[in-house]
Amino acid sequence: MSGASVLCQSNLLSLPNNPPQNSELNAKFNDQGWLSLLKRCKSMEEFKQVHAQILKLGLFWDSFCGSNLVATCALSRWGSMEYACSIFRQIEEPGSFEYNTMIRANVNNMNLEKALLLYAEMLERGIEHDNFTYPFVLKACSLLGALKEGVQIHGQVFKAGLEDDTYVQNGLISMYGKCGEINHACDVFEQMDERSVASWSSIIGAHASVELWQDCLMLLGDMSSEGRHRAEESILVSTLSACTHLGSPDIGRCIHGILLRNISELNVVVKTSLIDMYVKCGHLEKGLWVFQNMAVKNKLSYTVMISGLAFHGRGREALRVFSEMVEEGLAPDDVVYVGVLSACSHAGLVKEGLQCFNSMQLVHKIKPTIQHYGCMVDLMGRAGMLKEAYDLIKGMQIKPNDVVWGSLLSACKVHLNLEIGEIAAENIFKLNQHNPGDYLVLASMYARAQKWTDVARIRTKMAEKHLVQTPGFSLVEANRKVHKFVSQDKSQPECDTIYDMIHQMEWQLKFEGYGPDTSQVLLDVDEEEKRERLKYHSQKLAIAFALIQTSEGSPIRISRNLRMCSDCHTYTKFISMIYEREISVRDRNRFHHFKDGTCSCKDYW
DNA sequence: TGGCAGATCC
């Protein structure tokens, strides 16, 4: 955008044609006078008045003054980007400070492309880019996931001889992390002479970006044993997130302890991460406690709590928290509504879900995203309203994706509707989405209908496309370590003990009336073989291991990557009763709490 | 005159 066009379109105060001579008045207002006035501004109105005065006195021609006008207007909470931009374009020869300010403000406002354009303009004009330029330009690349641009900028950093600046290096680490290039992030980190807490935070965050959760925790350990930095809030946020994903509440609780020891008053971000960690690791009540004792809550705190309650199938409470949020005057956004709708879906609140879906659009003027449709299809599908769900998809204003069709497909599996199921699967494959899970759901529907030729057809298709099922695994925490089990796994060092335990358990299970549900096994093999396969599902291995390794009566917490099969569900119910253990299992979608032979989902899932 | 790191979504 050229300077002239900005001048025409804006309601900006006009610039005098010539710089006036320095007058007495000018001198009075000069020096720190205007600066302190600028600093005291609390609204655009006040700012405009000061701006007018500055123009009247001709001080704008002092480049230092113009720069400060831009910075104040761009970076203040009450400021206006448009207005700041117009002032910026009036400056005859903007230097790196002005460009840096504008880039920074644009990144803060998520105008990321604009920020990169300004940077390009800077280069084009030959304006010196200094070490203050890069952290924000790199952040723009991070947020855009723009690796190509990031690498180019890394080149510029070398050209400018800024590769040793800690701030720039931290920015590079984050950029590479967010763009999925963890090795490059590690290279930068390892080559650093001087590391700040933020450097550790960046490298841990980079590992979090690529979901290397165990490494996040290991790096926290490395930092602590190095002994030069104390873990502080931002680092602990990433590591809490690692605990959340690993399902390790014990490690999470240690981090909570470190936080309480090091910091007197935790900020909103940390508390929100704490809630998320507790809730997703099965300690819903602890999460609720942190939430209820927060003095300041923001939209995200509410979102985390609402989706947390949804995760645990506590739909009504989620709706209650949602109304609290609205009452507090926080405007709901699309993400909160994803939480609200999924809460309705997990708890089977069909009527409420439909109401929320309507008021989202009519009252809050939020256009449904693909996620909202996903929740609605899920909600209707679970409730057996397959025809209605299919109609909703047909009437969608945006193109349905594989996830939406996938929800319908799994609902069809639950309610055994092969006809609509086939349509859903067809649409998924038409989208050129070949997720092995979808093929398997379809195959299992054919298997249940005893249509073995169709099962074979789907299997062949999978083989042709080289699709392999993502191996199912379960994680369980014992003795402050996370242990991983894969289905049919015999590689564990404790393998023999675990298999012995499984045989022992089998015995008692049979006695209590459990019978394996072999319809879950897709292979056309005999019953005996099917039973053998079921026995060693990763969740069962993890339970057996936990029964051996943890003390009697203590709860067992498992998290797994795939959805639980219904046989594991029944099995776990029995185990919770026989061994008198509370067992919670987290899968991709939700929590199941098993106690005394029943599950918190009331078998609705 | 100014910089880096952190939390939510089927």
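Partner A/Y278 forms a side chain to side chain donor-acceptor pair (under 3.5 Å) with one of A/K286, A/H283, A/H256 and no other, that one being A/H256. Checked options A/F357, A/Y302, A/F322; the residue passing with A/Y337 is A/F322 (criterion: ring-ring contact (aromatic ring centres under 6.0 Å, His included)).
Among the heavy atoms of the strands, none lies under 4.0 Å from A/S241. If you check every strand for non-hydrogen atoms under 4.0 Å, A/S174 touches sugar and phosphate atoms only. A/E98 comes within 4.0 angstrom of nothing in the nucleic acid, heavy atoms only. Residue contacts for A/R104: at a heavy-atom cut-off of 4.0 Å it reaches the sugar-phosphate backbone alone, with no base atom in range. Nucleic acid contact class of A/S199 (heavy atoms, under 4.0 Å, all strands): none. Heavy atoms of A/N298 sit under 4.0 angstrom from at least one base atom. Using a 4.0 Å heavy-atom cutoff across all strands shown, A/D276 reaches sugar-phosphate atoms only and no base atom.
Applying the salt bridge (Lys or Arg N to Asp or Glu O under 4.0 Å) test to A/R563 and every residue at least two apart in sequence or in another chain returns nothing. With sequence neighbours excluded, no residue satisfies salt bridge (Lys or Arg N to Asp or Glu O under 4.0 Å) with A/E233. Scored by the ring-ring contact (aromatic ring centres under 6.0 Å, His included) test, A/H372 finds no partners at all (sequence neighbours excluded). Qualifying salt bridge (Lys or Arg N to Asp or Glu O under 4.0 Å) partners for A/E190, counting only residues two or more places apart in sequence or in other chains: none. For A/E317, the salt bridge (Lys or Arg N to Asp or Glu O under 4.0 Å) criterion is met by A/R314, not counting sequence neighbours. The ring-ring contact (aromatic ring centres under 6.0 Å, His included) test applied to A/F97 returns no partner, not counting sequence neighbours.
Judged by the 6.0 Å and 45° rule, A/R195 forms a cation-pi pair with A/F189. Cation-pi geometry between A/K178 and A/Y176 is not satisfied (NZ or CZ under 6.0 Å from the ring centre, within 45° of the ring normal).
Where DNA chain B meets chain A (any atom under 4.0 Å from a heavy atom), the bounding nucleotides read 5' to 3' are B/dT1 to B/dC10.
Residues of residues 251-275 of chain A that place a heavy atom closer than 4.0 Å to DNA chain B, in numerical order, are A/N267, A/V269, A/V270, A/T272, A/S273. If you check residues 162-171 of chain A against DNA chain B, the residues with a heavy atom closer than 4.0 Å are A/D165, A/Y167, A/V168, A/N170, listed by number. Taking a 4.0 Å limit (strictly below) on heavy-atom distances, residues 128-144 of chain A reaches DNA chain B at A/D130, A/N131, A/F132, A/P135, A/F136, A/K139. At a non-hydrogen distance threshold of 4.0 Å, A/Q371, A/G374, A/C375, A/D378 from residues 367-378 of chain A come into contact with DNA chain B.
A donor and an acceptor atom, one from each side chain of A/S142 and A/S174, are nowhere located under 3.5 Å apart. In this structure, a donor-acceptor pair under 3.5 Å is present between the side chains of A/S67 and A/E98. Using modelled atom types, one finds no donor on one side chain facing an acceptor on the other under 3.5 Å when comparing A/D276 with A/S273.
Under a cut-off of 6.0 angstrom, the local environment of NZ in A/K351 is sparse, with at most 12 non-hydrogen atoms contributed by other residues, nucleotides or ligands. The local environment of CD in A/E92 is sparse, with at most 12 non-hydrogen atoms from other residues, nucleotides or ligands closer than 6.0 Å.
Applying the salt bridge (Lys or Arg N to Asp or Glu O under 4.0 Å) test to pairs two or more places apart or on separate chains, none has a residue in residues 157-174 of chain A.
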